[in-house]
Engineer: 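Right, I'll just put the structure down here and ask away after.
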Amino acid sequence: MICNDYTLDTLARQGLVSPYIEQHLQPCSIDLTLGKHLKVENQDPAKPLWTDVELDETYFSMGPGEFILAHTAETVKIPEDCCGDLVLRSSAARAGFDHCLSGLCDPGFEGQLTLELRNSLQYHYLKLEAGMRICQLVIHKLDHPSESPYGLRGSYQNQMGATESLNKLHALTV
């Protein structure tokens, strides 16, 4: 069952999303905003894969086809009887952004959410600014609370900022 705005408002006030901005509540989701830290791919294969970029009073121009890691400004705390689905807002998708389909939030997860973003446009840059409403969190109620919530074994529990893969899935240098 997908939670509606009434249930989401109740859960958000109980700590589902922090900070919670009531104006970001939608009929069956809560809009989340872009945080200040990005991980941008280095163009030099001799250097580490990622360069950290901070969005303070400026913006980042994301080139055609470019892939970056970003994060939500908000932290989330998924109840053990729910799971979440992080999806791109339709207005962001229509602008040319793509979120690479890794948005499942397990029961018991706590922390900021990492966004895997790609510019799907072929000829134009996309502007990333801290605080922009870019994605939305949909919450699903489970039939029973999880017997092994994410906090017991999850690698990314309490993550803050854009977090690269902690598994042995890494790019190869040529």
Side-chain angles (χ1 to χ4, degrees), residues 12 16-21 23-26 29-78 83-106 108-139 150-151 154-174:
L16 171 69
V17 174
S18 179
Y20 172 50
I21 300 169
Q23 292 80 6
H24 290 187
L25 182 64
Q26 301 297 329
S29 66
I30 299 175
D31 289 348
L32 301 179
T33 61
L34 190 68
K36 292 184 177 185
H37 305 284
L38 306 176
K39 288 194 179 286
V40 177
E41 183 181 5
N42 276 316
Q43 294 182 358
D44 183 352
K47 293 184 178 178
L49 179 60
W50 301 108
T51 295
D52 293 322
V53 172
E54 188 159 342
L55 299 173
D56 282 331
E57 297 176 13
T58 185
Y59 63 89
F60 179 79
S61 292
M62 191 174 174
E66 188 170 6
F67 175 80
I68 65 156
L69 298 177
H71 69 93
T72 60
E74 298 82 3
T75 57
V76 300
K77 184 176 181 179
I78 308 295
C83 70
D85 192 13
L86 185 67
V87 296
L88 201 61
R89 292 183 70 221
S90 63
S91 56
R94 291 173 192 184
F97 288 101
D98 180 26
H99 183 242
C100 297
L101 298 176
S102 60
L104 180 67
C105 304
D106 285 315
F109 173 83
E110 294 183 33
Q112 290 177 328
L113 298 170
T114 295
L115 302 166
E116 300 83 6
L117 296 175
R118 177 174 306 284
N119 177 350
S120 293
L121 299 177
Q122 294 182 34
Y123 309 109
H124 296 87
Y125 285 75
L126 291 172
K127 186 177 184 179
L128 287 171
E129 295 180 282
M132 67 188 285
R133 290 163 70 172
I134 194 162
C135 59
Q136 50 197 153
L137 182 63
V138 177
I139 297 296
Y150 192 83
S155 301
Y156 301 99
Q157 188 73 340
N158 299 312
Q159 75 181 5
M160 298 300 284
T163 305
E164 62 189 272
S165 176
L166 300 176
N167 295 319
K168 297 188 190 294
L169 303 171
H170 298 285
L172 298 175
T173 57
V174 287

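Position 1 is the first residue of the sequence, and the numbers go up from there.
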Engineer: Do the non-hydrogen side-chain atoms of Leu32 and Ile134 ever get within less than 4.5 Å of each other?
Structural biologist: no

Engineer: Atom NZ in Lys127, atom CE in Met132: separation rounded to 0.5 Å?
Structural biologist: 9.5 Å

Engineer: Donor-acceptor pair, Gln112 side chain versus Gly161 backbone, under 3.5 Å?
Structural biologist: yes

Engineer: So, do Leu69 and Leu115 sit near enough that their side-chain heavy atoms are less than 4.5 Å apart?
Structural biologist: no

Engineer: Do you know which two heavy atoms are closest between Pro64 and Tyr123, and how far apart they sit?
Structural biologist: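 Nearest pair, atom of Pro64 first, then Tyr123: CG-C, 3.9 Å.
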
Engineer: Evaluate the side-chain proximity of Arg118 to Glu66: yes if any heavy-atom separation is below 4.5 Å, no if none is.
Structural biologist: no

Engineer: Please answer whether the main-chain N or O of Leu113 pairs with a side-chain N or O of Thr72 as donor and acceptor at a distance below 3.5 Å.
Structural biologist: yes

Engineer: Under the salt bridge (Lys or Arg N to Asp or Glu O under 4.0 Å) test, which residues partner Asp85, sequence neighbours left out?
Structural biologist: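 Testing Asp85 for salt bridge (Lys or Arg N to Asp or Glu O under 4.0 Å), a comparison that skips the adjacent residues, returns none.
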
Engineer: For the residue pair Cys135 and Leu86, what are the closest heavy atoms and their distance?
Structural biologist: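 For Cys135 versus Leu86, the nearest heavy atoms are SG-CD1, 3.6 Å.
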
Engineer: Would you give the length of the straight line joining atom OG of Ser165 to atom CD of Glu116, rounded to the nearest 0.5 angstrom?
Structural biologist: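 Answer rounded to 0.5 Å: 9.5 Å.
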
Engineer: Quick one about Glu110 and Thr75 (side-chain donor to acceptor, distance below 3.5 Å, no hydrogens or angles considered), yes or no?
Structural biologist: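 No.
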
Engineer: Thr33 versus Ile21: any side-chain heavy-atom pair under 4.5 Å?
Structural biologist: no

Engineer: Go through the structure and list residues passing side-chain hydrogen bond (donor to acceptor under 3.5 Å, both in side chains) with Tyr150, not counting sequence neighbours.
Structural biologist: none

Engineer: Ile78 versus Ile139: any side-chain heavy-atom pair under 4.5 Å?
Structural biologist: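 In short, these two side chains touch, coming nearer than 4.5 Å.
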
Engineer: Please find the pair of heavy atoms, one from His99 and one from Thr114, that lie closest to each other, and give the distance.
Structural biologist: NE2-O, 4.3 Å

Engineer: Can any side-chain N or O of Asn119 pair as donor or acceptor with the backbone N or O of Gly63 at less than 3.5 Å?
Structural biologist: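 Yes, the answer is positive, given that a donor and an acceptor are paired below the 3.5 Å cut-off.
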
Engineer: Which residue pairs pass the ring pair (Phe, Tyr, Trp, His ring centres under 6.0 Å) test when at least one of the two sits in residues 37-66, sequence neighbours left out?
Structural biologist: His37-His71

Engineer: With Arg89, which residues qualify under salt bridge (Lys or Arg N to Asp or Glu O under 4.0 Å), at least two apart?
Structural biologist: Asp31

Engineer: Side chains of Pro19 and Glu74, heavy atoms from C-beta outward: is any pair under 4.5 Å?
Structural biologist: yes

Engineer: Specify the closest pair of heavy atoms between Cys83 and Leu104, including all atoms of both residues, with the distance to one decimal.
Structural biologist: SG-CD1, 4.5 Å

Engineer: So, the side chain of Glu41 versus the backbone of Ile68: is there a donor-acceptor pair under 3.5 Å, distance only?
Structural biologist: no

Engineer: Would you name the heavy atoms of Ala70 and Leu117 that are closest together and state the gap between them?
Structural biologist: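 Closest approach of Ala70 to Leu117: CB-CD1, 4.1 Å.
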
Engineer: Measuring only between side-chain heavy atoms, which start at C-beta, is Cys100 closer than 4.5 Å to Phe67?
Structural biologist: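 Side-chain contact under 4.5 Å: yes.
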
Engineer: Calculate, to the nearest 0.5 Å, the distance between atoms CZ and OG belonging to Phe97 and Ser91 respectively.
Structural biologist: 10.0 Å

Engineer: If you apply the rule side-chain contact (heavy atoms from CB on, under 4.5 Å), what do you find for Phe109 with Gln157, and how did you get there?
Structural biologist: CA-CA 6 Å; Phe109 173 83; Gln157 188 73 340; 3.8 Å; yes

Engineer: Nearest heavy-atom pair of Gly84 and Leu137: which atoms, and what distance?
Structural biologist: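 Taking every non-hydrogen atom into account, CA-CD1, 4.2 Å.
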
Engineer: Excluding sequence neighbours, so at least two apart, what forms side-chain hydrogen bond (donor to acceptor under 3.5 Å, both in side chains) with Thr163?
Structural biologist: Gln159

Engineer: To the closest 0.5 Å, what do you measure between CG (Leu55) and NZ (Lys36)?
Structural biologist: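 Here the interatomic distance stands at 9.0 Å.
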
Engineer: Asn42: what forms a side-chain hydrogen bond (donor to acceptor under 3.5 Å, both in side chains) with it, not counting sequence neighbours?
Structural biologist: Thr51

